[in-house]
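Lettering of chains follows the sequences in order, A, B, ..., and the numbering in each one begins at 1. The model shown is predicted, which means the values in this text are computed figures rather than measured ones.
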2 protein chains.
Amino acid sequence: MDHAEAETRLLDAAEGLFYERGIQAVGMDQVRAASGLSLKRLYRLFPAKSELVKACLDRRDRRWRARLAAAVGERPEGDERVLAVYDWLHAWFTEPDFRGCAFVNAYGELGAVDPAVADAVRAHKRAFRAYMAELVTAAGHPEALTGPLVLLAEGAMTAAAISGSPEAAREARRGAERLLGAAAGRS
Amino acid sequence: MDHAEAETRLLDAAEGLFYERGIQAVGMDQVRAASGLSLKRLYRLFPAKSELVKACLDRRDRRWRARLAAAVGERPEGDERVLAVYDWLHAWFTEPDFRGCAFVNAYGELGAVDPAVADAVRAHKRAFRAYMAELVTAAGHPEALTGPLVLLAEGAMTAAAISGSPEAAREARRGAERLLGAAAGRS
DNA sequence: CCGGATGGAGAACGATCGTTCTCCACTGTA
DNA sequence: TACAGTGGAGAACGATCGTTCTCCATCCGG
């Protein structure tokens with residue numbers, strides 16, 4: 001197993017466990033067992049748990065935004081692309097292992113105690129907001145609509161996690177349709 | 001110091017520390033030091049940390065909803081009362097020690113690992129949603145508006161926590177005004 | 001076949017944490 | 001003054017965790 005594959009396996013295992021059970025609740029030995037690597041190799045790749053956490057968050061940020069952008073990109077330009085965000089959220093919430101926004105979870109757990117985590121979370125949310133602003137202005141709406149639209153998405157993530165139902169995405173979409181003027185909405 | 005005062009001091013200290021730094025990051029000895037109680041007395045009041053955590057969440061739920069209801073009750077009936085929620089959120093976000101919704105934080109940290117925490121969080125959010133539904137229908141709006149209005153508030157809590165700015169409450173209010181039909185809004 | 005390096009398995013270490021226990025100072029009573 | 005009982009301070013215990021170290025099997029060039 002070469003360096004790149006080891007790192008991938010490690011990040012896959014760590015990210016999955018951290019997301020499923022919480023970061024502090026997962027020991028490095030469980031990460032080792034799930035990744036199949038030896039503890040020595042694990043610590044050569046990431047000399048401390050905090051660096052492994054940061055690497056997981058960074059990779060998840062890139063993947064999450066890429067998946068969102070891919071789903072949005074399939075829709076025609078305009079309001080449809082804004083609303084596609086909520087449809088993608090619904091698909092995400094429906095995944096069996098969905099447990100909320102990993103960044104919100106990490107912030108609640110470690111934001112006050114680990115500045116690197118807090119920074120990563122802020123950067124992720126800032127990037128999401130910037131992306132939404134692009135979609136909103138590209139659809140010809142005033143940028144001031146971005147705030148509420150972001151909050152609907154944000155609220156849907158935590159509401160879906162806590163309630164265990166993807167319905168919040170539908171509610172968020174209905175709210176977004178109304179905010180946008182209910183012109184291009186489907187349902 | 002009698003039983004009731006000891007319990008109050010303990011819950012005050014524990015809730016403050018848990019909220020400020022996260023639950024797992026605070027040791028029972030720090031709770032003891034902050035409360036001024038002895039470890040023996042502390043464990044007589046709550047035989048385990050998990051029960052102390054649950055008591056903190058329960059008390060915080062009652063106080064949080066009472067404070068919200070008090071602020072809302074000062075406004076005239078109708079849309080004003082719905083919008084008062086967001087104004088109260090803004091005041092809350094502005095408090096110097098604001099660090100997001102304690103229930104969302106607790107859920108991210110322990111929801112997957114402590115069912116009592118998960119239950120308390122679900123109950124809190126359910127109660128908030130029911131309260132919003134009351135305000136929405138009392139103002140003569142269809143109940144279907146409750147979902148998006150709740151999500152705006154929910155999203156504002158986490159956005160304000162992560163960004164460190166209370167501005168999200170203003171954005172949520174503007175979104176809510178638009179959802180309600182922009183009839184009774186102020187700004 | 002051999003010697004040295006590599007890496008894996010897992011024991012070991014030091015710190016921390018939740019919880020319990022020990023010891024003692026103090027109180028109220030006769 | 002003697003004494004039983006209460007409660008506080010903090011040591012102690014056992015478990016867990018992040019991290020490092022030890023030991024051994026395996027491989028490779030000669």
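Residues from residues 48-55 of chain B lying near DNA chain C, meaning a heavy-atom separation below 4.0 Å, are B:A48, B:K49 in numerical order. Listed by residue number, B:V26, B:G27, B:M28 are the residues of residues 5-35 of chain B with a heavy-atom contact under 4.0 Å to DNA chain C.
Contact between A:R99 and B:Y107 at its shortest, heavy atoms only, is NH1-O, 3.9 Å.
Between B:E143 and B:R129 there is no salt bridge, since no side-chain nitrogen of the basic residue lies less than 4.0 Å from a carboxylate oxygen of the acidic one. A salt bridge does not link A:E177 with B:R178: every distance from a Lys NZ or Arg NE/NH1/NH2 to an Asp or Glu carboxylate oxygen is 4.0 Å or more. Salt bridge A:R174/A:E167: present, at least one basic N to carboxylate O contact under 4.0 Å.
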Would you mind writing out the side-chain donor-acceptor pairs for residues 43-55 of chain B within the sub-3.5 Å range, not counting sequence neighbours?
from, atom 1, to, atom 2, distance (Å)
B:K49, NZ, B:I23, O, 3.2
B:K49, NZ, B:V26, O, 2.8
B:K54, NZ, B:D58, OD2, 2.8

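The CG-P distance, from B:D2 to D:dG7, rounds to 13 Å in whole Å. Separating the OH atom of B:Y43 from the C1' atom of D:dG7 is a distance of 17 Å, rounded to the nearest angstrom. Spacing between atom CG of B:D114 and atom P of C:dG18 amounts to 13 Å, rounded to whole angstrom units. In this structure, the CG atom of B:L45 is 10 Å from the P atom of D:dG8, given to the nearest Å. Here the C1' atom of nucleotide D:dT22 and the CG atom of A:L39 are 14 Å apart, to the nearest Å.
Aromatic rings from A:W64 and A:F103 are positioned such that their centres are separated by 6.0 Å or more.
Partners of B:R65 according to the salt bridge (charged side-chain N to carboxylate O under 4.0 Å, His left out) rule, which considers only residues two or more places apart in sequence or in another chain, are B:D61. Residues meeting the salt bridge (charged side-chain N to carboxylate O under 4.0 Å, His left out) test with B:R63, sequence neighbours left out: B:E15.
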Can you give me the N/O atom pairs linking the protein to nucleotides 4-8 of chain C at distances under 3.5 Å, or say none if there are none?
from, atom 1, to, atom 2, distance (Å)
C:dG8, OP1, A:R41, NH1, 3.2
C:dG8, OP2, A:S38, OG, 2.9
C:dG8, O6, A:K40, NZ, 2.6

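A side-chain donor-acceptor contact under 3.5 Å links B:E109 to the backbone of B:Q24.
B:L179 CG to A:L179 CG: the interatomic distance, rounded to the nearest 0.5 Å, is 4.5 Å.
Taking the six-membered ring where tryptophan is involved, the planes of A:F98 and A:F93 are tilted, since the angle between them lies from 30° to 60°.
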